[in-house]
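Scroll down for the structure; my scribbles are underneath it.
All of these numbers come straight from a predicted model, not from anything done at the bench. In what follows, chains carry the letters A, B, and so on, assigned in the order in which the sequence lines appear, proteins first and then strands, with residues in each chain numbered from 1.
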Amino acid sequence: MKAVMTVIGADCIGIVAQVSTLLAKMNVNILDMSQTIMEGLFTMTMLVDTEKSEHKLEDIRGALDAKGAEMGLKIRIQRADIFTAMHRI
Amino acid sequence: MLNLADIKQTVDMIDHQHLDIRTITMGISLLDCAHPDTGRCAGKIYDKICRRAERLVAVGCDIESEFGIPIVNKRISVTPIALVAAGCEGGDCVELAKALDRAAKSCGVNFIGGYSALVHKGFTEGDRRLIESIPRALAETELVCSSVNIATTKAGINMDAVALMGRIIKETAALTADRDGFGCAKLVVFANAVEDNPFMAGAFHGVGEGESVINVGVSGPGVVHSALREVRGRPFDEVAETVKRTAFRITRMGQLVAQEASRRLGVPFGVVDLSLAPTPAVGDSVARILEEMGLETCGTHGTTAALALLNDAVKKGGIMASGHVGGLSGAFIPVSEDEGMIAAAGSGVLTVDKLEAMTCVCSVGLDMIAVPGDTPAETISAIIADEAAIGMVNSKTTAVRVIPAPGKTVGDEVQFGGLLGSAPVMQVHKESPKAFIDRGGRIPAPMQSLKN
């Protein structure tokens with residue numbers, strides 16, 4: 001399943017490294033990513049594929065929540081369909 | 001890759017603008033639950049609802065979690081109970097209401113609608129028994145919602161039913177006096193009721209519907225309001241265009257959730273209801289959208305025009321985004337459930353008369369309005385008659401959900417809590433329409449041609 005991850009919060013060293021390491025451990029493949037500082041906040045968007053992961057989406061979300069709490073970030077993972085539906089005709 | 005700005009926009013809508021799916025409502029036919037013995041009938045109703053809606057809440061929660069979009073309510077609507085109960089020999093209809101309540105609790109939904117009767121042209125024995133039982137049914141159950149259709153464009157207005165409903169509303173308020181007449185918040189009187197409305201308290205599963213169906217109601221006043229901030233001071237053409245674009249996005253999300261719920265539950269998809277449904281939360285108000293268009297306070301001159309534009313643009317934007325649009329589909333203006341309406345009514349700018357004018361151009365009617373507890377039944381009936389006339393003549397749905405709050409008067413406030421919010425008690429006219437209501441009979445159906 002393709003999902004969109006958004007990571008928003010105060011910038012600090014190692015966000016990309018820690019988040020992508022966690023995804024790799026859970027066998028989640030990163031298809032695309034982009035990162036910027038928007039309105040003073042670290043903002044990263046990733047398109048990921050959970051197909052090869054043995055973990056359920058809710059477990060992946062749980063692990064990301066814990067990582068987010070640890071680093072002071074809001075990490076969200078949602079099925080990509082919702083964005084496609086809302087923004088593509 | 002999806003556009004970064006699009007993704008951010010959606011996340012912002014959910015996080016900061018209260019974008020959500022207001023309700024997934026499963027309609028269930030109970031026509032096959034009729035039985036001469038009321039107890040057996042109640043048992044069949046309970047069993048069928050629990051069987052059909054067993055997974056509704058779990059599936060709703062799964063979708064919510066996977067798509068990251070809040071689904072605020074999971075609800076059930078059923079065949080108007082007056083039809084199911086018509087075959088019961090003796091017994092008390094309230095027993096059936098209690099079966100609905102138990103089933104709703106077992107399934108984990110937060111409301112069940114359909115303790116209803118359709119009497120726009122006349123009463124059957126079953127209709128009368130059910131309507132008479134409404135006050136007790138609403139006082140003795142928690143989750144059951146009731147509605148009565150008293151007029152249609154094709155049949156006219158059943159003024160006997162209008163008179164009866166004034167008394168029923170008063171009685172319902174009296175039986176729930178300890179909670180400011182809360183029972184009345186679960187009772188809607190309709191003209192031109194629709195069969196596939198997913199919103200409470202007026203939802204029921206129409207007789208033209210199939211065995212079971214999934215209808216979805218979207219929301220999003222906060223999103224529309226936020227979009228309109230970007231076009232402040234611009235001409236109305238741009239306002240309409242902005243609302244349309246926003247409504248399109250909101251509805252696409254509703255359509256996606258509806259299809260997903262339908263597939264997972266193995267129940268056909270019915271409609272997406274395009275109504276803009278507010279909540280008492282700050283930033284989720286229809287009134288504030290109208291004020292964003294340039295009105296100092298909702299209810300002042302210009303409000304009806306602003307609402308007409310909003311209502312039409314929401315439909316135009318939404319219609320292309322969904323395979324099937326239905327239900328009530330329009331902006332809701334429930335006073336107690338809309339933070340801006342509460343403020344406007346509290347300041348005295350928004351009056352019952354202005355609300356009535358507003359209902360000419362939007363769904364659904366005089367909704368969640370608290371009136372003084374000593375308002376006579378015939379005044380409430382006359383309010384219903386006026387609203388029904390608007391619906392009947394304009395071929396649209398209108399409704400009345402008023403709460404004559406026992407012991408309260410103008411200036412007081414009633415508190416219902418949660419999505420139902422709070423409402424300032426509003427002034428109604430004191431001059432009596434008693435002789436008018438006492439006439440009874442029917443107001444004939446209106447002309448549908450020679451429209452000038």
Fit a plane to each ring of B:His324 and B:Phe269, take the angle between them on a 0 to 90° scale, and name the class: parallel (under 30°), tilted (30 to 60°) or perpendicular (over 60°).
tilted
With a 4.5 angstrom heavy-atom cut-off, which part of A:Thr84 approaches chain B: side chain, backbone, both or neither?
both
Chain A contact via B:Ile63 - which portion, at a heavy-atom distance below 4.5 Å:
neither
Does a side-chain N-to-carboxylate-O contact under 4.0 Å join B:Arg22 and B:Asp273?
no
Which answer fits A:Lys74, side chain, backbone, both or neither, if we ask what part of it has an atom under 4.5 Å from a heavy atom of chain B?
side chain
Using 4.0 Å as the upper bound for N to carboxylate O, is an ion pair formed by B:Asp312 and B:Lys316?
yes
Could you check whether A:Glu70 pairs with A:Lys67 (Lys NZ or Arg NE/NH1/NH2 to Asp/Glu carboxylate O, under 4.0 Å)?
yes
Need one label for B:Glu260: side chain, backbone, both or neither, based on atoms under 4.5 Å from any heavy atom in chain A.
side chain
Which atoms of A:Leu57 are under 4.5 Å from chain B, going by heavy atoms: the side chain, the backbone, both sets, or neither?
side chain
Between CE of A:Met5 and CZ of A:Arg76, what distance do you get to the nearest 0.5 Å?
12.0 Å
